[in-house]
Protein chains: 2
Amino acid sequence: MCGALNPDELTLLSRHTRQIEHPSGEELVGESTRVEAYDNLMRGVVKLSKTLEDGRQQIVGLQFAPDLVGRLYAGESPMTAEAASDVEVCRVPRATLERLIERNPALRKRLMDQSLRELDEARDWMVTLGRKTAAEKVASLLLLIASHLDPEAAGERRIFDLPMSRLDMADYLGLTIETVSRQFSRLKKDGIITITANRHIEVLSLAKLQARCG
Amino acid sequence: MCGALNPDELTLLSRHTRQIEHPSGEELVGESTRVEAYDNLMRGVVKLSKTLEDGRQQIVGLQFAPDLVGRLYAGESPMTAEAASDVEVCRVPRATLERLIERNPALRKRLMDQSLRELDEARDWMVTLGRKTAAEKVASLLLLIASHLDPEAAGERRIFDLPMSRLDMADYLGLTIETVSRQFSRLKKDGIITITANRHIEVLSLAKLQARCG
DNA sequence: CGATATGTTGAAAGGTCTCAAGGGACGTGG
DNA sequence: CCACGTCCCTTGAGACCTTTCAACATATCG
């Protein structure tokens with residue numbers, strides 16, 4: 001985000017912001033709590049989720065640096081934001097950022113683009129949640145993660161560590177952990193991936209994985 | 001949208017726009033087609049949907065007047081926009097609207113707010129798609145429609161006509177039409193709603209309907 | 001009135017969840 | 001270094017829910 005600012009604005013911002021570190025699992029913003037500040041994500045992954053009264057949970061988005069975390073202009077946060085890995089953020093008071101947005105067209109455009117991109121991603125995921133089978137859902141998530149974590153790689157292979165637990169994946173896909181686990185086993189049996197130490201994934205055939213995405 | 005414009009801007013706009021009517025079912029923008037213009041929705045309901053290669057469809061949003069239809073700043077539309085009822089729009093060329101946005105802070109804020117609201121709605125719906133049962137999904141949709149179409153009504157009752165077919169509802173909820181139909185029958189049998197002529201709904205107990213939303 | 005599209009209902013198949021048991025990695029303490 | 005507990009993950013069996021396929025009912029429209 002700071003890329004969109006000029007030196008004066010950076011100075012102004014630095015007087016109002018604090019650098020904060022959050023260990024994995026810590027909550028940045030709670031669902032239905034008042035929004036007093038936004039968090040400029042510097043490092044790590046943030047998980048956005050919503051929970052039904054009886055505890056059923058759905059992950060509704062992931063954010064990566066340099067996203068801005070926090071629902072702009074809302075009095076209350078519509079969801080929980082939680083550190084999915086160890087995370088480093090710049091916390092900006094609401095009023096400071098909102099004033100800055102008024103003055104700075106580049107920053108404004110950048111945040112507008114982020115919102116529109118998040119909207120595209122949410123709608124893509126709605127198709128996955130509403131219309132894909134468990135096998136297709138798991139394949140889709142692996143492909144999504146692979147393209148985020150190993151974006152430069154060419155060819156048929158991809159190697160990466162899953163940045164989330166089976167429970168997180170289940171909550172992202174609208175499944176149970178058992179179903180996710182079974183689908184991983186199937187992908188392994190069919191020679192499409194190998195798994196070591198639960199989290200380390202090697203995709204052997206990207207084409208076959210893509211074919212399973214529906 | 002025009003509420004955010006001054007007289008000069010309205011004159012400018014009127015020279016560049018055309019009023020267009022679309023009968024129900026007509027496509028405004030096709031998935032993966034070039035975006036040449038935006039549509040300012042004056043009357044009616046527009047359905048946004050995405051389709052998998054094998055034909056499975058998911059509705060990812062509904063738009064009502066006075067929303068702007070069309071993905072801002074994108075070269076290609078990420079989804080299909082289709083008239084869900086008879087619809088009247090003001091078609092604005094891309095460049096015209098984008099220039100106007102640069103100059104007019106009120107318009108800019110209005111479109112930003114629309115994007116953020118659509119993002120909230122999409123994420124709410126992700127919870128419905130991923131974590132609710134068929135019964136809860138149908139109840140949630142009825143409640144959503146009731147609050148849109150009969151927003152002023154007080155008390156336990158709501159009366160309205162469904163603005164969509166069973167197939168549309170199924171595509172919105174990630175279900176089949178048969179499952180939707182069965183859930184309607186159950187709501188009828190349990191005395192929560194009555195249905196006449198397939199589309200005319202009377203909600204007898206809003207509280208009971210809400211209790212079924214999960 | 002017939003033709004067509006839309007909606008409902010039933011029975012069986014299939015997929016996902018639930019419940020239960022067991023396996024493997026990791027950290028702590030003996 | 002090993003024993004043990006804990007957490008996370010995997011696997012199996014049966015229950016449950018949704019889909020599929022088929023038949024029928026109802027609404028719409030010429």
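Letters A, B, ... are given to chains in the order of the sequence lines, protein chains preceding strands, and every chain is numbered from 1. Only heavy atoms go into these numbers, but all of them, side chains included; no hydrogens, no water, no symmetry mates.
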Residues that B:S205 engages under side-chain contact (heavy atoms from CB on, under 4.5 Å), provided they are two or more places apart: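 B:S205 satisfies side-chain contact (heavy atoms from CB on, under 4.5 Å) with B:E156, B:A207, B:K208 only.
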
B:R117 and B:D113 ion-paired at < 4.0 Å: no

A:R43, CZ atom: more than 12 neighbouring heavy atoms under 6.0 Å: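 Correct, the count exceeds 12.
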
Neighbour count above 12 (heavy atom, 6.0 Å) for A:R18 CZ: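 For A:R18, atom CZ is not crowded (no more than 12 foreign heavy atoms under 6.0 Å).
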
ring-ring contact (aromatic ring centres under 6.0 Å, His included) partners of A:H16, counting only residues at least two apart: none

How many angstroms lie between atom [atom1] of [X] and atom [atom2] of [Y], to the nearest 0.5 angstrom?
{"X": "B:E136", "Y": "A:L52", "atom1": "CD", "atom2": "CG", "answer": "7.5 Å"}
{"X": "B:Q58", "Y": "B:L48", "atom1": "CD", "atom2": "CG", "answer": "12.0 Å"}
{"X": "B:L206", "Y": "B:I193", "atom1": "CG", "atom2": "CD1", "answer": "12.5 Å"}

I need the residues from [range] with at least one non-hydrogen atom less than 4.0 Å from DNA chain C; give them sorted by number, or say none.
{"range": "residues 48-57 of chain A", "value": "none"}
{"range": "residues 126-140 of chain A", "value": "A:T133, A:A134"}
{"range": "residues 177-197 of chain A", "value": "A:E178, A:T179, A:R182"}

B:L175 vs A:R199, nearer the 5' end of DNA chain D by closest nucleotide: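 It is A:R199, whose closest nucleotide lies nearer the 5' terminus.
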
Is there side-chain contact between [X] and [Y], with at least one heavy-atom pair below 4.5 Å?
{"X": "B:S165", "Y": "B:R199", "answer": "yes"}
{"X": "A:L187", "Y": "A:S185", "answer": "no"}
{"X": "A:T17", "Y": "A:Y38", "answer": "no"}

Quick one: [X] [atom1] to [N] [atom2], roughly how many Å, whole number?
{"X": "B:L173", "N": "D:dT18", "atom1": "CG", "atom2": "C1'", "result": "13 Å"}
{"X": "B:D161", "N": "D:dT28", "atom1": "CG", "atom2": "P", "result": "11 Å"}
{"X": "B:L162", "N": "C:dT8", "atom1": "CG", "atom2": "P", "result": "10 Å"}
{"X": "B:R166", "N": "D:dA25", "atom1": "CZ", "atom2": "P", "result": "18 Å"}
{"X": "B:N198", "N": "D:dT28", "atom1": "CG", "atom2": "P", "result": "7 Å"}

Position toward the 5' end of DNA chain C (nearest nucleotide), B:M164 or A:G174: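 The residue whose closest nucleotide sits nearer the 5' end is B:M164.
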
Under 4.0 angstrom between B:S165 side-chain N/O and C:dT6 OP1 or OP2: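 It does not, given that no N or O in the side chain of B:S165 lies less than 4.0 Å from OP1 or OP2 of C:dT6.
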
Check: B:E36 main-chain N/O paired with B:R94 side-chain donor or acceptor under 3.5 Å: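 Looks like no, no N/O pair under 3.5 Å.
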
Side chain B:R158, main chain B:A146, donor-acceptor under 3.5 Å: no

Helix axis bend for the helix from C:dC1-D:dG30 to C:dG30-D:dC1 - C1'-based end axes, five pairs, 10° rounding: 30°

